[in-house]
Trainee: 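Please see the structure below; I have some questions.
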Amino acid sequence: MNDLMTLEDIAQMHHCSMRHARDVLVKIPGFPDEAPTSTPRNRLWLRNEVRAFVSRKVARIPHMALKAA
């Protein structure tokens with residue numbers, strides 16, 4: 001069984017606020033859908049899917065863009 005992640009976990013993974021995670025990160029096209037057990041009050045994502053998404057996104061960003069940020 002996959003571990004589940006909350007918005008707080010996603011924010012910690014990206015070193016950002018929960019507000020940014022909620023309003024920006026989870027709305028990025030291609031971000032994984034919420035887990036089947038997710039509820040409006042307790043939004044959850046599958047950890048493996050989120051990690052796979054992050055790995056794909058980081059691999060696409062040119063290294064020069066990362067240095068400029």
Trainee: For the atom pair CE (Met18) and CD (Glu8), what is the distance rounded to the nearest 0.5 Å?
Mentor: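 Atom-to-atom, Met18:CE and Glu8:CD are 5.5 Å apart.
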Trainee: Please evaluate residues Leu25 and His14 with respect to the criterion side chain to side chain contact (heavy atoms under 4.5 Å, CB included), reporting the C-alpha separation (whole Å), side-chain torsions for both, the decisive distance (0.1 Å), and the verdict.
Mentor: CA-CA 9 Å; Leu25 295 179; His14 291 283; 3.5 Å; yes
Trainee: If you take all heavy atoms of Arg56 and Gly30, which pair is closest and at what distance?
Mentor: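 Closest approach of Arg56 to Gly30: NH2-O, 4.1 Å.
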Trainee: Report yes or no: does Ser55 contribute a side-chain atom to a donor-acceptor pair with the main-chain N or O of Arg51 at less than 3.5 Å?
Mentor: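 Yes.
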Trainee: Roughly how far, to the nearest 0.5 Å, is the CG atom of Leu44 from the CD atom of Glu34?
Mentor: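 It comes to 8.0 Å.
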Trainee: Measure the CG-SG distance between Asp23 and Cys16 for me, rounded to the nearest 0.5 Å.
Mentor: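 With rounding to 0.5 Å, CG (Asp23) is 10.5 Å from SG (Cys16).
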Trainee: Could you measure the distance from the CH2 atom of Trp45 to the OG1 atom of Thr37? Nearest 0.5 Å is fine.
Mentor: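 Answer rounded to 0.5 Å: 11.0 Å.
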Trainee: Consider only side-chain heavy atoms of I, L, V, M, F, W and Y, link residues closer than 4.5 Å, and tell whether Val24 and Val54 are in one cluster.
Mentor: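 No, no single cluster joins them.
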Trainee: State, to 0.1 Å, how close Pro29 and Phe53 come at their nearest heavy-atom pair, and which atoms those are.
Mentor: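 Taking Pro29 first and Phe53 second, the nearest heavy atoms are O-CE1, 3.8 Å.
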Trainee: Testing the basics here: between Phe31 and Ile10, what is the closest heavy-atom pair and its distance to 0.1 Å?
Mentor: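 Taking Phe31 first and Ile10 second, the nearest heavy atoms are CZ-CD1, 4.0 Å.
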Trainee: For Leu4 and Arg47, what are the C-alpha separation, side-chain angles and deciding distance, and is it a side chain to side chain contact (heavy atoms under 4.5 Å, CB included)?
Mentor: CA-CA 5 Å; Leu4 297 173; Arg47 185 175 306 274; over 6 Å; no
Trainee: Between Arg22 and Lys27, what is the shortest heavy-atom contact and its length?
Mentor: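 So the minimum-distance heavy-atom pair works out to O-CE, 3.7 Å.
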Trainee: Measuring from Gln12:CD to Thr6:OG1, what's the distance to the nearest 0.5 Å?
Mentor: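 Atom-to-atom, Gln12:CD and Thr6:OG1 are 7.5 Å apart.
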Trainee: May I ask you to check whether Thr39 and Asn42 show a side-chain donor-acceptor distance below 3.5 Å?
Mentor: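 No pair is found: no donor N or O on one side chain lies under 3.5 Å from an acceptor on the other.
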